[in-house]
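Accompanying notes for the structure given below.
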Amino acid sequence: MGMVTDRPRRLESYVAGVWVRGDKDGVTLCDAATGAPVALVDSTGIDFAAALAYGREKGGPALRRMSLHERAMMLKMLAQALMERKEEFYALSTATGATRPDSWIDIEGGIGTLFSYASKARRELPNSRVLLDGDVEPLSRDGTFSAQHMLTPLQGIAVHINAFNFPCWGMLEKLAPTLIAGMPAIIKPARQTAYLAELLVRRIIETGLLPQGALQLVCGSAGDLLDHAGDQDVVTFTGSSATGRMLKAHPAILTNSVRFTMEADSLNAAVLGLDAAPGTEEFDLFVREVFREMTSKAGQKCTAIRRVIVPRAHCDVLVAALGERFARLTLGAPADENVRMGPLASLGHREEVRARIRDLAAEAEIVAGDPARPLLVSGDAEAGAFLSPVLLYCDRPSAARAVHDIEAFGPVSTVMPYETTDDAIELVRRGKGSLVTSVFTNDPDTAQELVIGMAPFHGRVLIGNRLSAKSSTGHGSPLPGLVHGGPGRAGGGEELGGMRGVKHYMQRTAVQGPPGLISAVMGRWIKGAPGRHESEHPFRKSLAELRTGDQLVTGTRVVTLEDIEHFADFTGDTFYAHMDEEAARANPFFDGRVAHGYLVVSLAAGLFVDPAPGPVLANYGVDGLRFLAPVYPGDALQVRLTCKEISPRMNTEYGEVRWDCCVINQTGATVAQYDVLTMVAKARGEEK
């Protein structure tokens with residue numbers, strides 16, 4: 001199926017475990033470069049209520065039976081399978097108007113997001129089915145009543161309504177955190193490029209890696225899909241703000257308080273710092289970035305630079321520099337290896353962009369490019385949706401409105417002059433909320449002033465300068481670990497952001513009760529819960545034998561002045577509080593010389609460690625180390641070590657164990673508190 005033919009194929013939807021066609025032939029989708037028919041799309045007759053129910057009743061329970069690491073491994077295997085088929089996706093992607101580099105962003109960028117989420121989930125999350133959120137909240141003085149926030153998968157279905165510009169990445173960047181969270185999804189791609197989304201979903205389903213009902217696809221109109229959205233469902237939308245507002249106001253969304261995330265059109269800006277004059281490396285980087293963002297994907301990116309905000313004295317040089325680059329740009333058929341920029345997604349979309357250029361031209365003059373006459377090196381200017389890059393200049397942006405309100409979703413940007421840094425910040429704010437802005441400067445004060453002034457209006461801010469030039473991912477690249485979204489006009493939503501994105505599909509619940517029962521619910525020992533004391537040292541237990549709550553209370557160790565002085569001599573840490581009695585007494589926190597905090601930690605390890613080879617393979621760190629009371633010569637230390645959390649790793653012979661380590665003195669006061677992290681063999685003998 002990967003190649004475009006002269007005979008359009010009827011796209012199918014994947015619902016309730018089967019591929020189905022709409023009742024009608026539907027709308028013809030055409031090749032963006034040639035105008036040749038590619039596919040027919042229609043969803044008439046699909047039972048959307050049944051599709052939602054199938055996902056909730058079959059896909060959801062299957063995913064929730066899996067642990068977080070099992071879902072992550074499933075995602076990794078899926079990414080590997082898709083990467084093996086990538087050339088098939090590239091072949092069809094040219095019909096969308098994308099060049100090979102443009103398609104790389106969409107195809108391998110999307111698959112790379114799956115890899116990233118799979119890796120981050122296994123590295124950052126426990127191998128459990130629920131997540132803990134924050135620390136324990138003690139609610140009583142005697143320790144018998146506490147609370148813990150937890151996150152559990154929502155038991156509905158996620159409906160992802162995607163835009164036309166990234167049919168692969170737009171789907172996969174939403175699907176990755178959804179599946180990690182344990183929630184099934186229905187994908188509703190934009191009509192113009194649905195044929196590529198359908199191919200991708202076909203290959204996903206063919207892998208057999210996903211449980212039945214975990215993924216469904218609707219090609220064509222969403223019909224009455226949202227009429228059946230319920231209180232446990234999630235709806236995400238990427239597209240125009242007008243459509244997003246309409247969906248957000250849907251009666252079912254409002255009545256059932258359905259979680260709704262919108263990522264809408266955005267008048268993103270790029271600001272050239274006052275220090276970045278022509279001749280500086282930052283000026284050259286700025287020119288390159290604006291050119292790249294105007295021409296990558298033919299400017300059809302939600303993160304593309306729409307407003308170019310520049311010190312007034314540098315505007316003429318900037319316009320000339322961009323004009324020279326546009327003159328060398330090769331515009332044409334995306335399959336042509338010599339072409340740098342392909343067409344827009346459709347002829348209809350080209351007319352929409354031309355109309356928006358006319359609106360902008362009421363307040364700004366066109367200084368580069370002719371929207372009516374694209375200059376091609378290959379392809380047909382009439383049959384294909386080609387449009388040359390268009391640069392406008394607005395001399396009085398503070399008095400203008402259209403340049404801050406209207407987005408031409410194509411290779412179109414407007415240059416705006418500013419006088420002071422405050423002027424630049426105000427111009428950026430006129431965009432009413434954006435996904436991203438970038439600042440090009442090599443001056444720390446300028447960077448601080450601009451970023452802090454603009455941050456409340458953006459989901460992401462990029463600082464560009466000579467140092468990061470080679471490593472920077474650029475203005476327009478949303479990354480799996482960073483938030484993608486923005487306030488106000490940009491939709492007010494968030495996607496990605498690493499494990500933050502997973503939590504969007506989970507419910508946060510505060511659980512109150514006695515610590516022992518809360519520990520049983522969470523699968524994690526918390527302070528105040530009973531410990532299990534056995535004759536066998538817990539370090540002698542394999543992962544299969546160990547249980548949360550297994551506890552060791554050690555003997556005591558008296559700290560001497562000789563210990564303190566030896567540690568100071570051995571390590572070189574001769575801070576006065578450890579070595580000078582008079583100076584230590586003058587310190588408001590101490591009554592005299594005190595032991596080093598790390599000496600306390602070292603002595604604690606000596607108390608709780610079992611020295612013989614055993615299931616404990618390695619200590620790989622400590623978390624949350626706090627020194628809560630000073631330790632003086634003559635104090636007797638004791639450790640209470642409790643198995644706090646057990647997280648087996650998949651496809652290995654070991655897992656991770658988190659131990660609560662509480663160091664107390666002879667009065668029972670806690671002097672140090674921290675978590676010890678160890679690798680433990682799954683079965684006895686694995687350490688050999």
Side-chain angles (χ1 to χ4, degrees), residues 14-17 47-75 117 121 125-134 147-161 171 174-188 209-218 222 224-237 247-248 250-261 493-495 499-513 517-518 520-524:
Y14 186 71
V15 294
D47 188 339
F48 292 113
L52 289 166
Y54 184 77
R56 295 181 191 123
E57 296 167 10
K58 195 170 185 68
L63 288 169
R64 292 193 296 272
R65 282 193 293 270
M66 303 169 70
S67 72
L68 286 156
H69 285 200
E70 287 172 335
R71 297 173 207 150
M73 188 59 69
M74 173 185 72
L75 216 61
Y117 264 84
L125 302 181
N127 192 12
S128 64
R129 291 188 289 171
V130 300
L131 290 176
L132 273 60
D133 182 51
Q148 171 72 63
H149 289 85
M150 69 184 300
L151 292 155
T152 52
L154 289 168
Q155 296 196 9
I157 189 167
V159 178
H160 296 313
I161 303 171
M171 176 200 309
K174 294 180 180 181
L175 188 61
T178 306
L179 293 178
I180 293 289
M183 200 173 189
I186 292 179
I187 305 296
K188 173 24 188 107
L209 292 169
L210 301 187
Q212 279 290 322
L215 176 62
Q216 298 180 79
L217 173 74
V218 173
D224 66 350
L225 179 64
L226 294 187
D227 291 352
H228 310 289
D231 56 283
Q232 285 286 303
D233 298 330
V234 175
V235 175
T236 73
F237 169 77
L247 295 176
K248 192 174 183 178
H250 190 286
I253 301 291
L254 297 176
T255 300
N256 298 317
S257 299
V258 177
R259 296 190 188 189
F260 186 90
T261 298
E494 280 191 5
E495 296 174 352
M499 295 303 100
R500 297 174 185 86
V502 172
K503 297 174 183 179
H504 295 165
Y505 303 96
M506 306 182 86
Q507 175 61 43
R508 180 182 291 106
T509 305
V511 181
Q512 298 169 274
L517 295 183
I518 291 179
V521 170
M522 305 294 172
R524 185 179 194 180

Output the distance between atom [atom1] ([X]) and atom [atom2] ([Y]), rounded to the nearest 0.5 Å.
X      : Y      : atom1 : atom2 : value
Leu209 : Met74  : CG    : CE    : 8.0 Å
Asp231 : Gln155 : CG    : CD    : 10.5 Å
Met522 : Leu132 : CE    : CG    : 5.5 Å
Met171 : Thr178 : CE    : OG1   : 12.0 Å
Leu125 : Tyr117 : CG    : OH    : 10.5 Å
Leu175 : Leu75  : CG    : CG    : 7.0 Å

Working note: Leu247 + Ile161, criterion side chain to side chain contact (heavy atoms under 4.5 Å, CB included); need CA distance, chi angles, decisive distance, verdict.
CA-CA 10 Å; Leu247 295 176; Ile161 303 171; 3.9 Å; yes
Taking the side chain from [X] and the backbone from [Y], do they hold a donor-acceptor pair closer than 3.5 Å?
X      : Y     : answer
Arg71  : Leu63 : yes
Gln216 : Val15 : no
Asp47  : Ala50 : yes

Side chains of [X] and [Y]: does their closest heavy-atom pair fall under 4.5 Å?
X      : Y      : value
His250 : Asp227 : yes
Val218 : Ile187 : no
Val159 : Thr236 : no
Glu495 : Lys174 : yes
Thr261 : Phe237 : no
Leu210 : Leu179 : yes
Leu131 : Met499 : no
Leu68  : Ile180 : yes

Give the minimum heavy-atom separation between [X] and [Y], together with the two atoms involved.
X      : Y      : result
Met66  : Arg129 : O-CG, 3.4 Å
Ala229 : Asn256 : O-ND2, 2.8 Å
Ala62  : Pro211 : CB-CB, 3.6 Å
Asn127 : Glu70  : OD1-N, 4.3 Å
Pro184 : Gly55  : CG-O, 3.3 Å
Ala185 : His160 : CB-CD2, 4.0 Å

Step by step, would you call Val234 with Leu154 a side chain to side chain contact (heavy atoms under 4.5 Å, CB included)?
CA-CA 9 Å; Val234 175; Leu154 289 168; 3.6 Å; yes
What donor-acceptor contacts under 3.5 angstrom involve side-chain atoms of residues 503-510, with partners at least two apart or in another chain?
from	atom 1	to	atom 2	distance (Å)
His504	ND1	Glu494	O	3.3
Gln507	OE1	Arg259	NH2	2.8
Arg508	NE	Asp133	OD2	2.8

Pair Leu52-Ile186, side chain to side chain contact (heavy atoms under 4.5 Å, CB included): steps then yes or no:
CA-CA 8 Å; Leu52 289 166; Ile186 292 179; 3.7 Å; yes
May I have the step-by-step check of side-chain hydrogen bond (donor to acceptor under 3.5 Å, both in side chains) for His228 and Asp233, ending in yes or no?
CA-CA 10 Å; His228 310 289; Asp233 298 330; over 6 Å; no
